[in-house]
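Shown next, in structure tokens, is the structure this report addresses.
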Amino acid sequence: MKWVQRLNPFAMAEEHRFLLLAILIGISGGLLVVCFHVVIEFIRWYLLGIPVGHGVVRTILAPAFGGLAGTALIVYVFRSARGSGVNQTKAAIYISDGILPPQTILGKFLACSLTIGTGNSLGPEDPALQMGAAAASWLGQVFRLTRDNMRRIAPVGAAAGLAAAFNTPITAVLFVMEEVIGSWNAQVLGSIVLSAVSAVVVSRWFLGNEPLFHVPRFTLTHPSELIVYAMIGAVTGLLAALFTRTAGWLKSRVAAHPGKVTLYAPMAAGLVVGFVGLWLPQVLGSGYQGIDSALHNRFTWQFLLALAMAKIVVTLLCFSAGTPGGMFAPTVFTGAMIGGGMGALAQHYWPAPVSAPSAYVLVGIGTFFAGIFRAPMTSVFMVFEVSASYVIIVPVMVANIVSYLVSRRLQPEAFADLIARHEGLDLPSLEHEREQRALRVEDAMQPPPWPVLGAESPGPEALELAARLGWGGVLVREGKGAWGWVDSGQLGEGTLGETAVPVSAPRLYRDLSLDTALRRFGPFPALPVVSRANADLLVGVLTLADIRRTYGIAGETGSPMTYGNRNGAPGSESSPASQA
């Protein structure tokens, strides 16, 4: 801490220090994830052997004891490291001002290394995301960031962890913006990009510049293939909805029997994973080696679909039992296998020419992910970033959007929101917030009072209008797009130009959000709504009472504002005069 204080006299502005800190977070997050990958692979090699699934006893017992050991660490030692990682990072932002306990890093590292390394059907990306956020939180506290910047620092670390784990910086940035923050915040976007890129550079420096998958060249053989891709999206969307509902039900059943079940459930799930791994070793762990094999057409369509169904079952058991690990990798694996299986099946029965099954494996990578996480942009760019092929964009968009829509239609509550509720967290539904229609000025404004006043308008006429409206004054057009406010006390016998000195008033536009409009009110009881093409043309007037009515806020009497005529004609129930 003292060395940080010594640097303070020479420190840059906090905005610049935040960007510099983002690079440091990316480097530290990348190093952390490199160590995470190395430890997982070492445990995998030491306990499961090579090839995986060759030893019967170790294949059956390793996932069970790994699940037991990892869960015991979370339950008895590192309680702050519980959960898959995504909801816990969101909770840090919305509940604890971006602060995650430092011990989360060690707990997540050890527990997930044991569970994933021993073959439990979960992935390293979500834990890496939380570890990156926790590392960023610790660095933010070391550098004594303000509370607002502490809330912004957790997503920066999350992007670094995810980017290094999945080796895809664009996907990491989009996922954090879509799933963790839920909005395109320009202030934090630059820092997130810097941290993600820095983390990937570090990861590639140590682990090599090889892509996660060796993707063959993609071609769209016939336009009718888009129908097949849409069918893949529909099937994965249906399975994603079923997966979400089943996970919620199993979670509730496990939660209903606390105590020793908390430890026994991951052990039992690990035993099932081990038995399945004897026949289908590709489902053990993240399953990325199985995806790479499927991309090179090494499996039949029956085997691909069997892998998909088996992965869904074992992942449901591991996740619902509370085994430490993430859902990112299992969803990618499941979508790839379903896509490849249906593509290989289409080669036998589709009437038109179709591409090789590897093309369908590649497109399917993001479909189940889109249905589970409800992050359509991330799912599309994830496949694009992995393949580096522009030709694939249209098939990926068709398959992923269909999956997203089907899953959303069959299961309105998103997976993350459902699990957060089971974990006792009241987090904002980012999917709901993205799709909620923003209220605008045009939804609340009333028609302009007649006549529109100017400097040549008679004072008595203006006084009569002010009394009728009950605003305590009137709006005056001053020309050249300028509008002013005149209090009733300045209204006399002459024209407004002779007796009044208008106070310049800000103008509004129909398309502005009500939140933006409310910030502009200041001391004025009403503001002019003008045309963007002609600022002298008054198209409406907005008052605070109009905003209260639109939001359904109770008036001064304690009852909601009621309006008989939305347009607010003078003298009607909705007019300010009648409210007065």
Taking the six-membered ring for Trp, are Phe166 and Phe213 parallel (under 30°), tilted (30 to 60°) or perpendicular (over 60°)? perpendicular
Atom OH of Tyr288: over 12 foreign heavy atoms under 6.0 Å: yes
Just so I know, are the side chains of Leu129 and Glu125 near enough to count as touching, which here means a heavy-atom distance under 4.5 Å? no
Side chains of Lys108 and Ser113: does their closest heavy-atom pair fall under 4.5 Å? no
Just wondering, do Phe369 and Thr378 contact through their side chains at under 4.5 Å, heavy atoms? yes
More than 12 heavy atoms of other residues, nucleotides or ligands under 6.0 Å from CE of Met231: yes or no? no
Phe78 side chain near Thr104 side chain, heavy-atom distance below 4.5 Å: no
Rounded at 0.5 Å granularity, tell me how far CG in Leu250 sits from CG in Leu317. 7.0 Å
Counting only N and O atoms by type, is there a donor-acceptor contact under 3.5 Å from the side chain of Gln88 to the main-chain atoms of Gly85? yes
Is the side chain of Ser403 donor-acceptor paired with the backbone N or O of Ala399 at a distance under 3.5 Å, no angle test? no
Kindly compute the distance separating CD1 (Ile401) from OG (Ser379), expressed to the nearest 0.5 Å. 6.0 Å
Do we get Lys251 above Phe319's six-membered ring, with its NZ or CZ under 6.0 Å from the centre and within 45° of the axis? yes
Beyond-backbone contact of Leu174 with Ile170, side-chain heavy atoms, under 4.5 angstrom: yes
Ala416 versus Asn87, closest heavy-atom pair with distance: O-ND2, 3.1 Å
Test Asp148 against Arg152 for salt bridge (Lys or Arg N to Asp or Glu O under 4.0 Å), laying out the working first. CA-CA 7 Å; Asp148 286 344; Arg152 293 164 53 196; over 6 Å; no
Is atom CZ of Phe521 surrounded by more than 12 heavy atoms (other residues, nucleotides or ligands) closer than 6.0 Å? yes
For Gln289, is the CD atom crowded, meaning more than 12 foreign heavy atoms sit under 6.0 Å from it? no
Relative to each other, are the rings of Phe384 and Phe381 parallel, tilted or perpendicular (30° and 60° limits)? perpendicular
Is it true that Arg421 and Asp417 make a salt bridge, defined as a side-chain N closer than 4.0 Å to a carboxylate O? no
What are the two closest non-hydrogen atoms of Ala136 and Ile25, and how far apart are they? CB-CD1, 3.6 Å
Rounded to the nearest 0.5 Å, how far does NE2 of His37 lie from OG of Ser203? 6.0 Å
Could you check if a side-chain atom of Leu242 sits within less than 4.5 angstrom of a side-chain atom of Leu410, using non-hydrogen atoms only? no
Is there a side chain to side chain contact (heavy atoms under 4.5 Å, CB included) between Leu21 and Leu145 once you walk through the steps? CA-CA 10 Å; Leu21 185 58; Leu145 295 183; 3.7 Å; yes
To the nearest 0.5 Å, how far apart are NZ in Lys90 and CG in Leu425? 9.5 Å
Greater than 12 external heavy atoms within 6.0 Å of Tyr46's OH: no
Heavy-atom closest pair, residues Ile99 and Ser137: CA-OG, 3.2 Å
Please step through side chain to side chain contact (heavy atoms under 4.5 Å, CB included) for the pair Val173 and Val197, ending with a clear verdict. CA-CA 9 Å; Val173 171; Val197 171; over 6 Å; no
Could you give the side-chain donor-acceptor pairs of residues 323-336 under 3.5 Å, partners two or more places apart or in another chain?
| from | atom 1 | to | atom 2 | distance (Å) |
| --- | --- | --- | --- | --- |
| Thr323 | OG1 | Cys318 | O | 3.2 |
| Thr331 | OG1 | Met327 | O | 3.2 |
| Thr331 | OG1 | Phe328 | O | 2.7 |
| Thr334 | OG1 | Pro330 | O | 2.8 |

Closest non-hydrogen atom pair between Val380 and Val396, with its separation: CA-CG1, 3.7 Å
Decide yes or no for Phe243 and Thr315: does some side-chain heavy atom of the first lie under 4.5 Å from some side-chain heavy atom of the second? yes
I'd like to know if the side chain of Arg147 and the backbone of Asp97 have a donor-acceptor N/O pair within less than 3.5 Å. no
SB check Arg374 Glu179 (cutoff 4.0 Å): no
From Thr171 atom OG1 to Met377 atom CE, the distance as rounded to the nearest 0.5 Å: 11.0 Å
Using the test side chain to side chain donor-acceptor pair (under 3.5 Å), find all partners of Thr89 that sit at least two apart in sequence or belong to another chain. none
For Gln141 and Met150, run side chain to side chain contact (heavy atoms under 4.5 Å, CB included): C-alpha distance rounded to whole Å, both residues' side-chain angles, the deciding distance at 0.1 Å, then the answer. CA-CA 8 Å; Gln141 294 175 70; Met150 282 300 299; 3.8 Å; yes
Salt bridge between Asp511 and Arg440, side-chain N to carboxylate O under 4.0 Å? no
Just by distance, no angles: are the side chains of Asp443 and Thr550 close enough, under 3.5 Å, to form a donor-acceptor pair? no
Please round to the nearest 0.5 Å and tell me the distance separating atom OG1 of Thr59 and atom CZ of Phe275. 11.0 Å
For the residue pair Ile372 and Ala240, what are the closest heavy atoms and their distance? CD1-O, 3.6 Å
Would you indicate whether the side-chain heavy atoms of Ile291 and Gln282 approach each other to under 4.5 Å? no
Does the Thr71 side chain pair with the main chain of Leu68, one donor and one acceptor, at a distance under 3.5 Å? no
Nearest heavy-atom contact between Thr115 and Gly67 is CG2-CA, 4.0 Å
Any donor-acceptor N/O pair, Arg44 side chain to Ile40 backbone, under 3.5 Å: no
Between Ser121 (side chain) and Leu284 (backbone), is there a donor-acceptor pair under 3.5 Å? no
Sub-3.5 Å donor-acceptor pair from the side chain of Asp126 to the main-chain atoms of Val86, do we have one? no
Have Thr244 and Gln411 got a donor and an acceptor in their side chains that come within less than 3.5 Å? no
Residues pairing under ring-ring contact (aromatic ring centres under 6.0 Å, His included) where one sits in residues 118-139, two or more places apart or in two chains, turn out to be none
For the pair Thr367 (side chain) and Gly364 (backbone), establish whether a donor and an acceptor sit closer than 3.5 Å, ignoring hydrogens and angles. yes
Stepwise, does the side chain to side chain contact (heavy atoms under 4.5 Å, CB included) test hold for Thr118 with Phe65? CA-CA 8 Å; Thr118 52; Phe65 284 104; over 6 Å; no
Kindly assign one of parallel, tilted or perpendicular to the pair Phe109 and Phe36, based on the angle between their ring planes and the thresholds 30° and 60°. tilted
